[in-house]
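The next block holds one structure in the form of structure tokens; read it before the comments.
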Amino acid sequence: MRNPLYTAYERRLVGQLDPASVPRHVGMIVDGNRRFAKARGANADDGHRAGAANVGSFLEWCEEAGVEVVTLWLLSTDNLTRPPEELDQLLRIIEGLVADLASAGRWQLHAAGALDMLPVQTAAALRRAEEETVGVEGLIVNVAVGYGGRQEIADAVRSLLRTRAAEGASLEDVARELTVEDISGHLYTKGQPDPDLVIRTSGEQRLSGFLLWQSAHSEYYFCEVYWPEFRRVDFLRALRAYADRHRRFGA
């Protein structure tokens, strides 16, 4: 049974939100699964499963608030160097998560990452989830797996060069005509609004390369709780902080 004081506080936060001040795109760095497990004497797999179990609720909160796009950073390129026994289990958990999200039929999933760096099985699961949700009208969810900000920019430039070469352009032509918009058009999130708000759980106050290009004008919110413990009230506080800053500075 929920604490009535918690429920009342949550309702108060909801009442304070201005629909006009809700961010269109929220980036979420889901951090702290392993520390959550360690604090409970459990293993890392238990922490990753607890984190995966919180994703659906978070997406529902975003829907209720009126957010249009969410980018979930579930696995970085740096994480690919973790011990094989932990990485393999984590990848299975992520595969199960994206399959569950796709089967819900409520969200349009988009794989955002260097899929060629992932095991074939994981990359196939991400592509399958993306294909199954094409045409779903609702929240767009970028599933960032095998993601690194520098890797994304390198991949975008590589894709741009290949496209222009196929069009018959020389390297000199590309260099002379290159614009910021050209690179943006080849990012993993091409065609989407840049993130207005980036949240990181676990108390870490760094971006670790998340959405490096897209977050040039983003607001950041760092939350002390570990991701598996992240609650709706924590999300509402992040939205309130975002709205308050926009009111103060007229952004």
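The basis for the numbers below is simple: all heavy atoms, side chains too, and nothing from hydrogens, waters or symmetry mates. It should be emphasised that the depicted structure is a prediction, and the values quoted were computed from it without experimental measurement.
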Set of residues satisfying side chain to side chain contact (heavy atoms under 4.5 Å, CB included) with respect to Ala99, sequence neighbours excluded | none
For atom CZ of Arg162, decide whether the heavy atoms of other residues, nucleotides or ligands shown that lie under 6.0 angstrom number more than 12.
-> no
May I ask you to check whether over 12 heavy atoms, not counting those of Glu137, lie within 6.0 Å of atom CD?
-> no
Residues forming a side chain to side chain contact (heavy atoms under 4.5 Å, CB included) with Asp182, sequence neighbours excluded | Leu160, Leu178, Thr179
Rounded to the nearest 0.5 Å, what separation is found between the CD1 atom of Ile199 and the CG atom of Leu239?
-> 6.5 Å
Residues passing the salt bridge (charged side-chain N to carboxylate O under 4.0 Å, His left out) test with Asp173, sequence neighbours excluded, are Arg176
Got a sec, which residues hit salt bridge (charged side-chain N to carboxylate O under 4.0 Å, His left out) with Glu132, two or more places apart in sequence or on another chain?
-> none
Asp234: partners by side chain to side chain contact (heavy atoms under 4.5 Å, CB included), with sequence neighbours left out | Cys223, Val225, Phe230, Arg231, Arg237
Below 4.5 Å, heavy atoms only, C-beta onward: do Glu152 and Leu212 meet side chain to side chain?
-> no
Which hydrophobic side chains are connected to Phe222, either touching it within the sub-4.5 Å cutoff or through other members that do?
-> Ile29, Trp73, Tyr147, Tyr188, Val198, Leu207, Phe210, Leu211, Tyr220
Which residue pairs pass the salt bridge (Lys or Arg N to Asp or Glu O under 4.0 Å) test with at least one member in residues 112-130, sequence neighbours excluded?
-> none
Here the gap from Gln89 atom CD to Asp45 atom CG, rounded to the nearest 0.5 Å, amounts to 4.5 Å
Should Leu101 and Leu59 count as side-chain neighbours, where that means a heavy-atom distance under 4.5 Å?
-> yes
Linking Ile, Leu, Val, Met, Phe, Trp and Tyr through side-chain heavy atoms less than 4.5 Å apart, which residues share a cluster with Val69?
-> Ile140
Nearest 0.5 Å please: distance from the CZ atom of Arg200 over to the CD atom of Glu224.
-> 12.0 Å
Working to the nearest 0.5 Å, report the span between CG of Leu74 and CG of Asn79.
-> 10.0 Å
So which heavy atom on Tyr242 is nearest to which on Ser21, and how close?
-> CE2-O, 3.0 Å
Does CD belonging to Glu177 count more than 12 external heavy atoms closer than 6.0 Å?
-> yes
hydrophobic_cluster_shared for Leu115 and Leu97, side chain cutoff 4.5 Å = yes
Judged by modelled atom types alone, do Trp227 and Ser202 share a side-chain donor-acceptor pair under 3.5 Å?
-> no
Any side-chain donor-acceptor pair under 3.5 Å between Gln192 and Gln214?
-> no
How would you list, by chain and number, every residue that makes a salt bridge (charged side-chain N to carboxylate O under 4.0 Å, His left out) with Arg150, sequence neighbours excluded?
-> none
Mind checking whether Val120 and Met117 sit in one hydrophobic cluster, side chains of I, L, V, M, F, W, Y counted as touching below 4.5 Å?
-> no
Which other residues end up in the same hydrophobic cluster as Val136, if Ile, Leu, Val, Met, Phe, Trp and Tyr are linked when side-chain heavy atoms come under 4.5 Å apart?
-> none
Derivation and outcome, side-chain contact (heavy atoms from CB on, under 4.5 Å), residues Asp194 and His25 | CA-CA 7 Å; Asp194 288 339; His25 183 170; 5.7 Å; no
Is the CZ atom of Arg82 crowded by more than 12 outside heavy atoms at less than 6.0 Å?
-> yes
So OG1 of Thr201 and CZ of Phe36: to nearest 0.5 Å the spacing works out to 11.5 Å
Begin from the C-alpha positions of Leu17 and Leu13 and carry the test side-chain contact (heavy atoms from CB on, under 4.5 Å) through to its verdict.
-> CA-CA 7 Å; Leu17 290 180; Leu13 288 173; 5.9 Å; no
Does the side chain of Asp100 come within less than 4.5 Å of Val55's, by heavy atoms?
-> no
Verify side-chain contact (heavy atoms from CB on, under 4.5 Å) between Leu80 and Leu118, making sure each step is shown before the conclusion.
-> CA-CA 8 Å; Leu80 295 175; Leu118 298 174; 3.9 Å; yes
Can you name the residues that form a salt bridge (charged side-chain N to carboxylate O under 4.0 Å, His left out) with Arg34, not counting sequence neighbours?
-> Glu86
Cluster check Val98, Leu139: I/L/V/M/F/W/Y, side chain < 4.5 angstrom | yes
The side chain to side chain contact (heavy atoms under 4.5 Å, CB included) partners of Arg92 (sequence neighbours excluded) come to Asp88, Glu95, Gln121, Thr122
Under a 4.0 Å N-O cut-off, is there an ion pair linking Glu60 with Arg106?
-> yes
Kindly compute the distance separating CE (Met28) from CZ (Phe58), expressed to the nearest 0.5 Å.
-> 3.5 Å
Identify the two heavy atoms, one from Leu187 and one from Ala156, that lie closest to each other, and give their separation to 0.1 Å.
-> CD2-CB, 3.8 Å
